[in-house]
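For reference, the structure I am asking about is given below.
Below, chains carry the letters A, B, ... as their sequence lines are ordered, and counting in each starts from 1.
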Amino acid sequence: MGFMLTTLIFIVIGMIACLCTRICCNKGPSANLFHLTLVTTATVCCWMMWAIVYLAQMNPLIVPILSEGE
Amino acid sequence: MAEHGGGGGCCPPMDLFRSEPMHLVQVIIPIESARLTVSYLGDIGLIQFKDLNAEKSPFQRTYAGQIKRCGELARKLRFFKDQMSKAGVTPSAKFEAKTDFNLDDLEVNLGDLEAELTEINANSEKLQRGYNELVEYKLVLQKAGEFFKAAERSAAAQQRELSSHQAGEESLETPLLKDQESTADQGKQVKLGFLTGLVPKGKAMAFERILFRATRGNVFLRQASLEEAVVDPNSGEKVNRSLLHFYLPCLGECFDIKYPFDVEKNVFAVFFSGERAKSKILKICEAFGANRYSFAEDLCKQAQMITEVSGRLSELKTTIDTGLLHRGNLLETIGKQYEQWNDVVRKEKSIYHTLNMLSIDVTKKCLVGEGWSPVFATQQYKEETPRQITIFCIVDVMFQITICINLMHIKIFCFKIQYALQQATIDSKSQVGAIFQVLHTKELPPTYFRTNKFTDSFQTIVDAYGVAKYQEANPGVYTIVTFPFLFAVMFGDWGHGICILLATLYLIFREKKYSSQKLGDIMEMTFGGRYVILLMSLFSIYTGLIYNEFFSVPFELFSPSAYACRDAACSEATTIGLIKVRDTYPFGVDPAWHGSRSELPFLNSLKMKMSILLGVAQMNLGIILSFFNALHFRNAVNIWFQFIPQMIFLNGLFGYLSLLIIVKWCTGSKADLYHVMIYMFLSPTDDLGENQLFPNQKTIQTHQGESYTALEGTEDSLQVEAGHDPHDHEGFEFSEVFVHQLIHTIEFVLGAVSNTASYLRLWALSLAHSELSTVFYEKVLLLAWGYNNVIILIVGIIVFIFATVGVLLVMETLSAFLHALRLHWVEFQNKFYEGDGYKFAPFSFALLGTEEE
């Protein structure tokens, strides 16, 4: 799927989540900023973890060596 | 030292990021409305009173007498509770009847009830004792009757025998005498006395021996044990008694001696002759505490006694029963009102404690109180129009009102405290109103975060380490996401995540029921943290999908594996390995890795590097938060001499390492990063050769090394400059600041390496979890499956379930929780958090319940 494409998907999902929180619980600007921070942090964390695992497998230096009996 | 209340100005305000603005308020209340005012303020729960009478002892304070009264009432209520629990009556649940309780009426009422209850208790005790005595007496009568009947029968038999030989008349008493000679000489017949009673079984042997020795063997003792236990009249305990019978024909009475509790007893009869023997026996009976009961020889008298005693027994029983019923009713009525009374007494006590904290004016006509309160409670919310506010102020301001006007949500918190004061003045019909004003002070206010049930548990986690200083950045905001995330990195298994999710969803659906119940310690902690566990489980499912582990089993969920055999026969699969034929597996770890021989080298490398990357990211966030703190408190010194050196240091070293990691992954180079990092310092001018990751790497590293050493030097000299700067602050000492900065520098330098290495625990725990999971799956479940036997399979499944729940779901969860917590408290928070504030503890009736428990 490609690194860039999936990163884009993550960004889109993040923005949709922000919009949903804004629609569902709109409780004033300070509360909105707080919810936005939470959603953004969660999206960034999840994206970072996925990106790290993806990048590590893009150009592997070692390959799976099956064990006997498989 | 920075002055608080700086005000950011750089960024818009965010909920929970900084403490609510607080100010010191002063209220002057007239004496007559004092109690009511404090009561209304307690309802709102937004003022933390300062103790203005701190130097006075509790007895010197104004309202000490009232507190004593409340203490007395509380004692009475405790007595009622005790009695209720003894009788098995549970107090009914509190219902919200807001009747105003007059303390005087309550006092009188409780006093009456207490007197009545104690009287009933004393009476029933007396009755019970009498009843027990009668029961014992009845048993004595029955047993002794048996003795004598048996004796009579043998006497009659002997009599018939004797009369067949001679025609003399003998009294029926003689059959107990085996001596035939006495029948010849009636004049020399010795009168026998007997005593009947009960003695404990354990002492029966000793009793017999002492009797024998004391009377030189001139007594006859008959013992029999009672089948059923008897309640001891003295101690009220059930014991097995044996009847002690002493036959005293000259006196014709039985004595029963009382014996202490919980010893099995024997019935016995002692027959003796002579006054001296009798007195000896009486004394021995008293010493052994045996109960004695009088016993009539005459048969019809015996029967009469038995019926009489039975009659009295049944009478007493009914009396006792009615007494108990009456007591039960009384306790029930108490139980209905118990919770309410308890509440009222607790409230009153707290009101008087608070009143004791206010200082009384010289004229003794008013009380002056000082306290911290949040600014929003005393002002109107800035965004609403005054017109709307005045309307709703009049309607109801004791509670928050959320009103939808023109599709906008408006919260109104206007003038809560002032309104409460007004209301109290009106209700207490006082002539003078209360005065309210705001004081200006340089004291540090308490920290107050307005949390809801979701954010409260996360804030508790942060507060457990240290309460935020007034207006400093609250790490709780980010902890809400990063804590469950780091937990999940260490836990990563979507099967286990689903199990925990189900458990916590159950807790959340039963929220209402559990929050009103009283739970045990562990259950309370788990229930309190249900939202934390919910987020932990959701993130665990995500990381489980990334690590591709479902109870340690990988799945090809997103696309076929990227690896395949080099040739059709898969001949080299176990020697050289597979080859990457397709695009990278799009989401997570490729399923081909699981079970392979090179799984661990690959995963270890991946997870270690991931730990470093995540750690550097979180530490950078911490340093950026310290920048925002410095901005808020307008501390330019901190920005130039703390924030910037910290950023340069951390990113120059570990940020650069992170960059190298990412470049190595992207390019697939075989450079050895250890070598690169170490030799960057040892010999920066050397040629990188095969370790080169990008062009001009060498020059960049040399510059870094230079700036690094320069940084050390400049930091020291910059500290001296920092010392000269803020002279006008109160209590400022140059040496103090200098030492503080020096310690800070050293701590940061040493800490940077150790903190980054500390993040490797993310790798360690994740490895442990996956290995444990694999072991349980392969060595328990698959092994059991391999036997093709249903029983072994069932046993295997049960062992697997217990092992998974016990080790992985409970122990590993706690372990990962603890380590994620440590990473937050130490590695994240030591970059910016001071945490030496104190929490806002308002005088509030709602918080009373939790305090007392």
Option in B/K607, B/R597, B/K580 with maximal non-hydrogen atom pairs under 4.5 Å from chain A: B/R597

Under 3.5 Å donor-acceptor, B/T543 side chain and B/A488 backbone: yes

Ring pair (Phe, Tyr, Trp, His ring centres under 6.0 Å), paired with B/F487, selected from B/F491, B/F483, B/F485: B/F491

Interface residues of residues 558-566 of chain B facing chain A - heavy atom cut-off under 4.5 Å: B/Y563, B/R566

Which atoms of B/L578 approach chain A - backbone, side chain, both or neither, heavy atom under 4.5 Å: both

From OG (B/S770) to OH (B/Y547), nearest 0.5 Å: 9.0 Å

Among the listed options B/G588, B/S605, B/P484, the residue most often paired with chain A at heavy-atom distances under 4.5 Å: B/G588

Region of B/I576 in contact with chain A, defined by heavy-atom distances below 4.5 Å: backbone

OG1-CG distance between B/T584 and A/N59, expressed to the nearest 0.5 angstrom: 7.5 Å

Polar side-chain atom of A/W50 near backbone of B/P586 as donor-acceptor pair, under 3.5 Å: yes

Proximal component of A/T37, with respect to chain B [non-hydrogen, under 4.5 Å]: side chain

Any donor-acceptor N/O pair, B/Q459 side chain to B/T455 backbone, under 3.5 Å: no

Point-to-point distance, once rounded to the nearest 0.5 Å, from CD1 of A/I65 to CZ of B/F602: 13.0 Å

A/M15 side, atom CE; A/I13 side, atom CD1 - distance, nearest 0.5 Å: 11.0 Å

Flag, side chain of B/S658 to backbone of B/L613, donor-acceptor distance under 3.5 Å: no

Donor-acceptor pair, side chain of B/T574 and main chain of A/L66, under 3.5 angstrom: no

Cation over ring face, A/K27 and A/F34, 6.0 Å, 45°: no

Chain B contacts, top residue of A/H35, A/M58, A/M48 (heavy-atom pairs, under 4.5 Å): A/M58

Close contacts, residues 614-621 of chain B versus chain A, judged by heavy atoms under 4.5 Å: B/L614, B/A617

Straight-line distance of B/F454 CZ to B/L534 CG, nearest 0.5 Å: 7.5 Å

Residue part contacting chain A, namely of B/F587, when any heavy atom lies under 4.5 Å: both

Which atoms of A/L55 approach chain B - backbone, side chain, both or neither, heavy atom under 4.5 Å: both

Side chain, backbone, both or neither of B/F17 within contact of chain A (heavy atoms, under 4.5 Å): neither

Backbone of B/G544 reached by a side-chain donor or acceptor of B/E549 within 3.5 Å: no

Contact winner vs chain B - A/C46, A/A42, A/A31, heavy-atom pairs under 4.5 Å: A/C46

Main-chain N/O of B/I662 paired to B/K609 side chain as donor or acceptor, under 3.5 Å: no

